[in-house]
**Q** 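One structure follows; several queries about it will come next.
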Amino acid sequence: MLVSIFFAIALAQGVPMAVQSQQIIDPIDRVVSAGLMNKDATGNFKAEGLVSRADLAMILVKTFGLERRKTAQKPDMELPDVPKSYWAYSAIQTALKTGTMSGYRDGMFFPNQRVTRAEALAIFAQAYGVFQFPEASISEILAKYPDAGEIPNWARKSIATALYEGFVNVELGTNKINPLKPMTRGDIAYALSKYLERQVRPTSLPVDEQPPDRGMGR
């Protein structure tokens, strides 16, 4: 009965059912169906599991097709802590060569290092394409969040882009970003799900409003 009412309301409002279906898909189911993340053999997604730098590189390559970018064709880099036998070797090389991620001192990548929400969301936004907001706009966007002062300066523009595009699952009730907390698999699944929604509905802006210019990262 409830399903019939739902269909009747959707049809009465002239809303395409494909769009309605998009709105009620669970973020985890959406990203798993898209092949961007996986569940384990028992069907558990482990949403509270933490995201490593290697995990992030793999997710970014799958999501944005980084291997198709021109710079991805450059020769591989020497990485003392990422041998060719490492499971995410190719993805890490692609993330580095496209400038989506950066290495550390002595050419190290630290693939198993966990990333914070600020790091992961900023890197995600850089792969997506960072809006070239003026500083006043960045401050205006971030002012809505009580812990925005914890965002590293280098990540402010990228995080502002992620927030503007709706990629950030802020804390309910407090509206906190929690930028220094570890990024979980559930967190990145939320961002990926919202990105996939963007591909179906490219913008939520009014028709007469233009989005800011988007450029590539920092």
Side-chain angles (χ1 to χ4, degrees), residues 2-3 6-7 10 15-69 72 82 85-96 98 100-101 109-129 158-159 161-172 176-179 181-204:
L2 289 176
V3 173
F6 173 81
F7 275 94
V15 179
M17 292 310 301
V19 174
Q20 290 289 336
S21 297
Q22 283 288 334
Q23 293 174 343
I24 61 176
I25 296 175
D26 179 79
I28 290 173
D29 290 339
R30 178 180 281 120
V31 300
V32 169
S33 295
L36 301 182
M37 298 182 74
N38 300 309
K39 295 181 180 180
D40 65 19
T42 66
N44 190 342
F45 183 76
K46 297 182 179 178
E48 297 305 313
L50 303 183
V51 177
S52 70
R53 283 172 53 80
D55 293 330
L56 185 59
M58 181 65 76
I59 289 169
L60 293 174
V61 170
K62 288 182 178 180
T63 303
F64 298 103
L66 299 182
E67 75 283 355
R68 297 193 297 270
R69 296 184 181 179
V82 185
S85 58
Y86 188 73
W87 67 273
Y89 175 85
S90 180
I92 289 169
Q93 286 288 342
T94 299
L96 288 172
T98 57
T100 307
M101 297 181 72
F109 185 79
F110 297 115
N112 299 319
Q113 179 174 296
R114 306 305 182 186
V115 292
T116 65
R117 282 169 55 84
E119 291 168 337
L121 290 167
I123 293 169
F124 185 89
Q126 289 165 19
Y128 173 72
S158 299
I159 297 293
T161 296
L163 289 164
Y164 184 88
E165 292 290 79
F167 298 151
V168 184
N169 55 336
V170 296
E171 188 176 281
L172 294 177
K176 288 184 176 181
I177 303 168
N178 294 314
K181 284 189 175 182
M183 189 72 165
T184 68
R185 284 171 54 82
D187 293 334
I188 196 68
Y190 181 92
L192 291 168
S193 176
K194 292 300 182 182
Y195 169 75
L196 292 174
E197 285 183 14
R198 277 284 190 225
Q199 310 316 297
V200 178
R201 297 188 299 277
T203 181
S204 59

**Q** Do you know the tightest heavy-atom contact between Thr161 and Tyr128?
**A**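 The answer is CG2-CD2, 4.4 Å.
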**Q** What's the verdict on ring pair (Phe, Tyr, Trp, His ring centres under 6.0 Å) for Phe109 and Tyr89, showing C-alpha distance, side-chain angles and the deciding distance?
**A** CA-CA 11 Å; Phe109 185 79; Tyr89 175 85; over 10 Å; no
**Q** Between Arg198 and Tyr164, what is the shortest heavy-atom contact and its length?
**A** NH2-O, 4.1 Å
**Q** Can you sort out the partners of Gln113 under side chain to side chain donor-acceptor pair (under 3.5 Å), two or more places apart, ordered by chain and number?
**A**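 Gln113 satisfies side chain to side chain donor-acceptor pair (under 3.5 Å) with Tyr104 once adjacent residues are dropped.
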**Q** Might you point out which heavy atoms bring Ile28 and Ala47 nearest each other, and give the distance in Å?
**A**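 Heavy-atom minimum between the residues: CD1-CB, 4.2 Å.
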**Q** Is the shortest heavy-atom distance from the side chain of Ile177 to the side chain of Leu163 under 4.5 Å?
**A** yes
**Q** If you take all heavy atoms of Phe45 and Met37, which pair is closest and at what distance?
**A** CZ-CE, 3.6 Å
**Q** Step by step, would you call Glu197 with Arg30 a side-chain contact (heavy atoms from CB on, under 4.5 Å)?
**A** CA-CA 9 Å; Glu197 285 183 14; Arg30 178 180 281 120; 3.3 Å; yes
**Q** Atom CG of Asp187 and atom CG of Leu50: how far apart are they, to the nearest 0.5 Å?
**A**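 The distance works out to 9.5 Å.
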**Q** If you look only at pairs with a residue in residues 55-66, which of them pass as a side-chain hydrogen bond (donor to acceptor under 3.5 Å, both in side chains), with sequence neighbours excluded?
**A**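 Qualifying pairs: Ser52-Asp55.
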**Q** Is Met183 close to Leu56 at the side-chain level, that is, under 4.5 Å between some pair of heavy atoms?
**A**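 Not touching, per the 4.5 Å side-chain cut-off.
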**Q** Only counting residues at least two apart or in another chain, list the ones meeting salt bridge (charged side-chain N to carboxylate O under 4.0 Å, His left out) with Lys46.
**A**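 Asp40.
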**Q** For the backbone of Asn178 and the side chain of Arg117, can you confirm whether one donor and one acceptor N or O come within less than 3.5 Å of each other?
**A** yes
**Q** Could you pull out the closest heavy-atom pair between Arg53 and Phe110, with the gap in Å?
**A** CD-O, 3.4 Å
**Q** Apply side-chain contact (heavy atoms from CB on, under 4.5 Å) to residues Leu196 and Leu36 and explain how you reach the verdict.
**A** CA-CA 10 Å; Leu196 292 174; Leu36 301 182; 4.1 Å; yes
**Q** Taking the side chain as everything from C-beta on, heavy atoms only, tell me whether Thr100 gets closer than 4.5 Å to Arg69.
**A** yes
**Q** What is the distance from atom CD1 of Ile123 to atom OG of Ser158, rounded to the nearest 0.5 Å?
**A** 9.0 Å
**Q** Between the side chains of Glu67 and Thr94, is a donor N or O closer than 3.5 angstrom to an acceptor N or O?
**A** no
**Q** Tell me, with the steps shown, if Ile59 and Phe124 meet side-chain contact (heavy atoms from CB on, under 4.5 Å).
**A** CA-CA 9 Å; Ile59 289 169; Phe124 185 89; 5.6 Å; no
**Q** Provide the closest heavy-atom pair for Leu66 versus Leu60 in the form atom of the first, atom of the second, distance.
**A** CG-O, 3.7 Å
**Q** If we only count heavy atoms from C-beta on, is the Glu171 to Lys181 side-chain gap below 4.5 Å?
**A**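 Glu171 vs Lys181: side chains touch.
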**Q** What I'd like to find out is whether the side chain of Tyr86 reaches to under 4.5 Å of the side chain of Ile92, using heavy atoms alone.
**A** yes
